[in-house]
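Read through the structure below, which is laid out as structure tokens, and then see the notes.
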Amino acid sequence: MANSQKIGLYLTEDKIVLSEVDSKNQQKIISSPITLSVIPTQDVPLNPDANEEIHLVSTFQKMLRENKIDEPSVSVSVPTKDVFLRSFVVPWMLTSELNSVVFYEAKKYVPFDLKLLEYVYQSIPFKENKQKRLRIVFFAVRKQMVAKYDRIFKQAGCKPVVYEPSLVSLAKWLISKKQLSADQKTAVVYIHDNSGQIIFYEKGIAFFVREFSLSSTETPEEKDGPDTLRASILREIRKSFGYYDRQFSQEKIKEILLLAPQPDLELNKILTEELSVKVRTADSSIVSGGQKIEGMDVLCACGVGVSRVPSKLSAFNFIKAKLKAQPEVSIGKISNIDLTPFYQWDLEELMYGIQAAIVCVLLLIGIFVFSKVQLQNMEKHDAELMKNQGDLASKTVEMLDADTQRNKGTIESYKKILESRTHISSMMVFVTQALPEGVWLDNLDLSNDVNKMSIKMSGYFMASDQGEQFKPVYDFLSALKKDKHFLSMKFNLNGIQKKSMGSKDLLYFSITGSL
């Protein structure tokens, strides 16, 4: 296996597991314990993190050297304990607008500053009450953890190409071995000694994971019998199913896939009868070469190196997130926003609404005055033209008819100018009428000439439903696109960010349109 260049790695608290595939597509599992043997002295105090990292590098280098693996590309399956998995729903929107919304929403569900994390996500469209929505499956890992892996591989002369959650690695391996379908909902249950883990997969993507203990004895000397353990497994799975059904899906799980060192036909029968689902036990030789299941770590180390998988799973690579620039949106700084409904505003907030209404009225008055001045200028010009006509008594009927026709043409030209200004007024009136409740403008700029028309507007809004913070702006934008005045215009939502007005934090937006 001297020519092997690719390995999968899974790191636990006490061992390193490698999965190596050679040029003949033969797989080899390599496992080595991590022993911390450095003893601190008075001259060299112990730094626990540095001590651990030194031994990780030493153990990893030894494994590569003994197996004649030279400078490989390393794909890392990050253990579940180091990864944050969250799932939440946002309104349906364009992909170009999704990053800032996910960045804002994730701050509610992750107990850390997102600036300290590398994160990846996948959006899954679905319908709820006939409305298109997006479920976001969000994975995050500490940048500190990624930096730790980078240091280890740099010192070992390796190149990291993938950092992905172990739940993704497990799905990739099970799909590649035809143990998990990428087109249905499956609960994967891993049983090991006195603990277990249940993972809910939809179309190959992990939505929810729960770990549980199976030991119910009060003293270490006592041991639970097979029936007690089976009852405990059934209880924990039923509890997990109830939570999943309430939070994620109205459709019941159709299949349970058991991962266990030894098959238990009685457990399969109990689960099938009690839960009314199909229960399968994974083939004990799903690791290449006929090796039996030794633990989740082996399957994850094998799965992280699988390349032929659905594209939606390849998106969960923390290295891609690391290479991307942080989203340049001010919305990432928003926290603890008070989204009080409009009808509960206090006097100060009501004054802000009145001020916004006054601004809109002043804009309309300005448009009216401008149109009036233009009309007066045209009337003045028309008077000058009439003055230049001279003495009507000295003109013949034919001359008067000719003058009349000429003046009619001039007046028609003026009418077109007036109609254009009236059209702009109608557009401005519609803009103010289309504003949803709780949304107001602080700037409105509409320009119109022979070849181009453009509009720029910005303002603030407050939403009553924290699950749909951005709905008012999207409703406003949708109304503009559907109105007859703007059918030919292309609109862009330039961003949403936090701004403060008085003592309140509001959401500021900007929209531009052009023809």
Side-chain angles (χ1 to χ4, degrees), residues 80-81 83-89 109 122 124-129 133-139 165-175 179-216 224 226-283 286 293 295-296 299-300 312-313:
T80 304
K81 66 181 182 64
V83 176
F84 302 98
L85 168 60
R86 298 293 185 270
S87 175
F88 49 87
V89 175
Y109 302 99
Q122 182 67 278
I124 304 170
F126 71 101
K127 282 191 175 182
E128 185 178 59
N129 297 326
R133 317 263 294 174
L134 292 176
R135 175 167 291 281
I136 305 299
V137 178
F138 181 95
F139 284 99
S166 59
L167 299 180
V168 176
S169 303
L170 178 63
K172 288 164 62 175
W173 186 252
L174 294 176
I175 291 173
Q179 297 291 320
L180 178 68
S181 173
D183 299 324
Q184 69 176 19
K185 299 181 181 181
T186 303
V188 175
V189 180
Y190 172 66
I191 306 298
H192 181 69
D193 295 335
N194 292 325
S195 64
Q197 189 178 64
I198 181 168
I199 312 159
F200 291 90
Y201 286 102
E202 289 195 20
K203 298 182 179 180
I205 298 178
F207 273 42
F208 172 66
V209 59
R210 178 175 176 265
E211 296 183 356
F212 50 85
S213 173
L214 296 175
S215 177
S216 63
D224 291 326
D227 292 339
T228 303
L229 286 176
R230 290 174 188 134
S232 181
I233 292 172
L234 172 61
R235 181 177 62 253
E236 295 297 337
I237 293 178
R238 179 176 283 151
K239 187 186 299 182
S240 301
F241 271 37
Y243 179 84
Y244 177 82
D245 290 341
R246 290 192 302 272
Q247 298 296 324
F248 296 96
S249 177
Q250 299 301 318
E251 298 181 21
K252 301 295 183 181
I253 294 293
K254 301 298 183 183
E255 183 178 69
I256 295 177
L257 177 64
L258 290 176
L259 301 178
Q262 298 294 333
D264 187 341
L265 298 180
E266 183 63 24
L267 176 61
N268 286 23
K269 179 180 177 182
I270 292 173
L271 295 178
T272 300
E273 293 176 351
E274 295 292 333
L275 301 175
S276 299
V277 296
K278 177 183 177 182
V279 180
R280 290 190 298 112
T281 300
D283 186 350
I286 61 173
I293 298 173
M296 189 80 78
L299 301 184
C300 293
K312 57 191 174 185
L313 294 181

| field | Side chain proximity check, K239 to F212, heavy atoms < 4.5 angstrom | value | no
| Passes ring pair (Phe, Tyr, Trp, His ring centres under 6.0 Å), F200 versus F241? Steps please. | CA-CA 9 Å; F200 291 90; F241 271 37; 5.6 Å; yes
| Inter-residue atom distance L214.CG - S195.OG, 0.5 Å rounding | 6.5 Å
| message | Looking at every non-hydrogen atom in both residues, tell me the closest pair between L271 and V277 and how far apart they are. | response | O-CG2, 4.3 Å
| remark: When L259, L258, I198 are each screened for side-chain contact (heavy atoms from CB on, under 4.5 Å) with Y190, the one that passes is L259
| task | Give me the ring orientation class for Y109 and F88: parallel if the planes are under 30° apart, tilted from 30 to 60°, perpendicular past 60°. | result | parallel
| About how many Å separate OG1 of T186 and NZ of K254, when rounded to the nearest 0.5 Å? | 11.5 Å
| message | According to side chain to side chain donor-acceptor pair (under 3.5 Å), who are the partners of D227, at least two apart in sequence or on a separate chain? | response | R230
| How long is the span from the CZ atom in R210 to the CD atom in E236, to the nearest 0.5 Å? | 4.5 Å
| said: Nearest 0.5 angstrom please: I205 CD1 to L167 CG, how far? | reply: 12.0 Å
| remark: Closest non-hydrogen contact found for A206 with I199 is CB-CG2, 3.9 Å
| message | Any non-hydrogen side-chain atom of F126 less than 4.5 Å from a side-chain atom of E202? | response | no
| task | Output the distance between atom CD1 (I237) and atom CD1 (I270), rounded to the nearest 0.5 Å. | result | 10.5 Å
| Which atom of C300 lies closest to which atom of S169, heavy atoms considered | O-CB, 3.5 Å
| said: Can you give me the closest heavy-atom contact between R135 and S87, atom names plus distance? | reply: NH1-OG, 2.6 Å
| said: Please check if the number of heavy atoms outside K127 that lie under 6.0 Å from its NZ is greater than 12. | reply: no
| Do the side chain of Y201 and the main chain of S181 share a donor and acceptor less than 3.5 angstrom apart? | no
| task | Specify the closest pair of heavy atoms between A171 and G204, including all atoms of both residues, with the distance to one decimal. | result | CB-O, 3.5 Å
| field | Straight-line distance of R280 CZ to L180 CG, nearest 0.5 Å | value | 8.0 Å
| Validation row: V137, L85 side chains within 4.5 angstrom (heavy atoms) | yes
| query | Is there a side-chain contact between T80 and M296, using heavy atoms and a 4.5 Å cut-off? | reply | no
| field | Side chains of T281 and D264 in contact at under 4.5 Å (non-hydrogen atoms) | value | no
